[in-house]
Structure formats: structure tokens, C-alpha cells
2 protein chains.
Amino acid sequence: MDQRQALAAFSALSQETRLHIIRMLVVSGPDGMAAGAIAEKAEVSPSNVSFHLKELERSGLIAQQRESRSIIYTANYEALGGLIRFLMEDCCGGNPEICAPAAAVAACCTPATKGELQ
Amino acid sequence: MDQRQALAAFSALSQETRLHIIRMLVVSGPDGMAAGAIAEKAEVSPSNVSFHLKELERSGLIAQQRESRSIIYTANYEALGGLIRFLMEDCCGGNPEICAPAAAVAACCTPATKGELQ
DNA sequence: TCAATGATTCAAGGATTATTGAAATATGGA
DNA sequence: TCCATATTTCAATAATCCTTGAATCATTGA
């Protein structure tokens, strides 16, 4: 993730509806959600959700794929991880005072997955 | 860090000049930098840097303090750490696939500081 | 007090982004 | 083919953000 992508990602996440959508897609995992389902759950109009989904896709944080009549959106885990990494490394220079709280979170979610990641 | 603050922080970081400023302030540490020095190094006009500094301060990512004629700006390490934490926990639900790359960064910057943090 | 320095504020303009509803596109089934 | 469903695109408007230069404010030293 370079600065250009990071700027786009920050921009994408700086809007309430879009942050909400990202959250829903992370929770829904690899199955993702159809545009209509996202619109319904986020309580926004179809055309408005379409606008924000396009914005999120442009930033690389989500991906789409057609499934019959629906278009399924999924979170791009790699991009989200890359953004966190950018924030810690490139932006904050790996500064321990900044990264320590993040390390605490990482410590409490990664041990349980030992072996689950290749 | 709640969602409101996170949205403000993402918005603050989504602008090239401001991201540049944050980087400089993280590097400059607790000494911070005067507004004029920031403007010079970032190559923007005084009034423009003032606009972006106000925006960054509003988001809580930096703080200011007057020092004689100068106004010194410093990065708010706690807020930056809080934002990374928000991204990992609240936004991404501590999802291991997303947090793993961040954990790798954390692992390579925190051991060296053992004991340096209270 | 006066001038110089460092910085902010303000107003105007331009640029980008968000919202809305209507129209268009794509897919699948009768 | 025709219709219904799922979604996007488009145009218009509203809202927000960025930039610029002139004016203002705060501090210091002569």
C-alpha cells in the first residue's frame, strides 16, 4: 500500500455510511453481501449505496462480483491490513508509543489463530 | 476513540498536505514544530498551513502550544494509537486475517522498547 | 510606542463530494 | 418476447472542502 492508496482509503473511510458498509462486509466475511442487502441494512437508497460502493471499490477496500441478478460485495482484507500497516509503519514510523496499543490488540487476536494462517 | 473521532481522523488523514504534516510531527517528536517551519518544509503558504493545522487539531491528531511568538504543534501519539486500535478492533472486529500484518509490524517495533513504556 | 516577526482569520472563488429521483442496464423466469 | 428484479448511471442540486491573498492579532525587542 503506497501513499496514493492510503489517501484514497482514508477518504473512503471518512464517511459514515461507507464506514458502516465496511464494517458489515468485514463481519459478513468471504460470502459478502448483495448491494440491495447492504442498502437495506444501512438504510440508504439503492442509488446512494451504489454511489458509496463505487467509492469504496475505487479505494480498493472492497471488491465486487456478479452472482446472477445480484452484485456481491466483499471486504478486501488484504487492503484493510495494508492500511493498518501503512498507518503504523509509513505514517507513524513504527513509533513504539503509537504502535503499542495496536500491538496489544494484535496480541489478543492472533494467538488464537496460530496455524490457521498459512 | 469512538466512531465520531475516528471519522474525523480519517477525514483529516485523507488530504495529502495533512498526511505530510502528521508524518513530520511524528518524526519531530515531543519537541514538535512551529507553524512556520511546517509551512516551509511542506511548501505551502502560511494561511494554507494554518487551515490544515486547524483541521488536524479539530480531529485531535495534533495539539498546539504557544512558545513566544511561535505556535508549536505536536503529534498526539495517543490519538494516533487510538485510531490504529479503532481500525483493528471496532472497524475490522479484530479479524486475524486483517490484523496479522499489523501484528508483524508491532512485533518488530515493540520488543526493543521493553521497559521503556511504563 | 513603534516596527518587525510569526501566525491566524476572513471572504471569495473554485473544486470536490453527497444526495435525490428518474431513466437505463443486466439477468432470469413465465 | 415480456415482465419483474437487482443494480447502476445520469443530471441537477446541495453541501463541504480547498486555496488564495488581504487584513488582523499576538508577541517581542528597539
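Every chain is numbered from 1, with letters handed out A, B, ... down the list of sequences.
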Practice item. Could you tell me the separation between the CZ atom of B/Arg58 and the C1' atom of D/dT16, rounded to a whole number of Å? Key: 11 Å
Practice item. Give a yes or no answer on whether the side chain of A/Glu67 reaches the backbone of A/Ser70 with a donor-acceptor pair at less than 3.5 Å. Key: no
Review point. Taking atom OH of B/Tyr77 and atom SG of A/Cys92, what is their separation to the nearest 0.5 Å?
Key: 8.5 Å
Check your understanding: CZ of B/Phe51 versus P of D/dT24: gap in Å, rounded?
Key -> 22 Å
Exercise for review: Pick base, sugar-phosphate or nothing for B/Ala34, based on heavy-atom distances below 4.0 Å to the nucleic acid.
Suggested key: sugar-phosphate
Review point. Got a donor-acceptor pair under 3.5 Å from the side chain of A/Ser47 to the base of C/dG21?
Key: yes
Exercise for review: Could you check whether A/Ser50 gets within reach of a base, just the sugar-phosphate, or nothing at all, counting any heavy atom under 4.0 Å?
Suggested key: base
Check your understanding: Between A/Ser68 and C/dG28, does any side-chain N or O lie under 4.0 Å from OP1 or OP2?
Key -> yes
Check your understanding: Is a side-chain donor or acceptor of A/Arg85 paired with a backbone partner of A/Leu87 at a separation under 3.5 angstrom?
Key -> no
Check your understanding: Of A/Arg66 and B/Val49, whose nearest nucleotide on DNA chain C comes first from the 5' end?
Key -> B/Val49
**Study point:** Between P of C/dT16 and NZ of A/Lys54, the distance in whole Å
**Key:** 16 Å
Exercise for review: Give A/Ser45 one of three labels, base, sugar-phosphate or nothing, depending on what nucleic acid heavy atoms sit under 4.0 Å from its own.
Suggested key: nothing
Check your understanding: Are OP1 or OP2 of C/dG6 and a side-chain N or O of B/Tyr73 less than 4.0 angstrom apart?
Key -> no
**Study point:** Close side-chain approach of B/Gln3 to A/Arg23, heavy-atom, < 4.5 Å
**Key:** yes
Study note, to complete from the structure: On DNA chain C, more 5' by nearest nucleotide between A/Glu67 and A/Gln15 is A/Gln15
Practice item. Measure from CD on B/Glu57 to C1' on C/dT8 and round the result to the nearest Å. Key: 12 Å
Check your understanding: salt bridge (charged side-chain N to carboxylate O under 4.0 Å, His left out) between B/Arg58 and B/Glu55: does it pass, once the steps are laid out?
Key -> CA-CA 5 Å; B/Arg58 214 171 49 83; B/Glu55 209 64 13; 2.9 Å; yes
Revision key, fill the gap. B/Asn48 CG to D/dC17 P, in whole Å, measures 15 Å
Study note, to complete from the structure: Here the distance between atom P of D/dT9 and atom CD of A/Glu55, to the nearest Å, is 12 Å
Review point. For A/His52 and C/dT19, is the shortest distance between a side-chain N/O and OP1 or OP2 below 4.0 Å?
Key: yes
Review point. Contact class for A/Thr17 (heavy atom, under 4.0 Å): base, sugar-phosphate, or nothing?
Key: nothing
**Study point:** Rounded distance in Å - CD1 (A/Ile21) to P (C/dA18)
**Key:** 11 Å
Point to revise | B/Arg69 side chain, from C-beta outward: closest of C/dA4, D/dT19, D/dT9 | key: C/dA4
Review point. A/Glu43 has an atom CD; how far is it from atom C1' of C/dT19, in whole Å?
Key: 16 Å
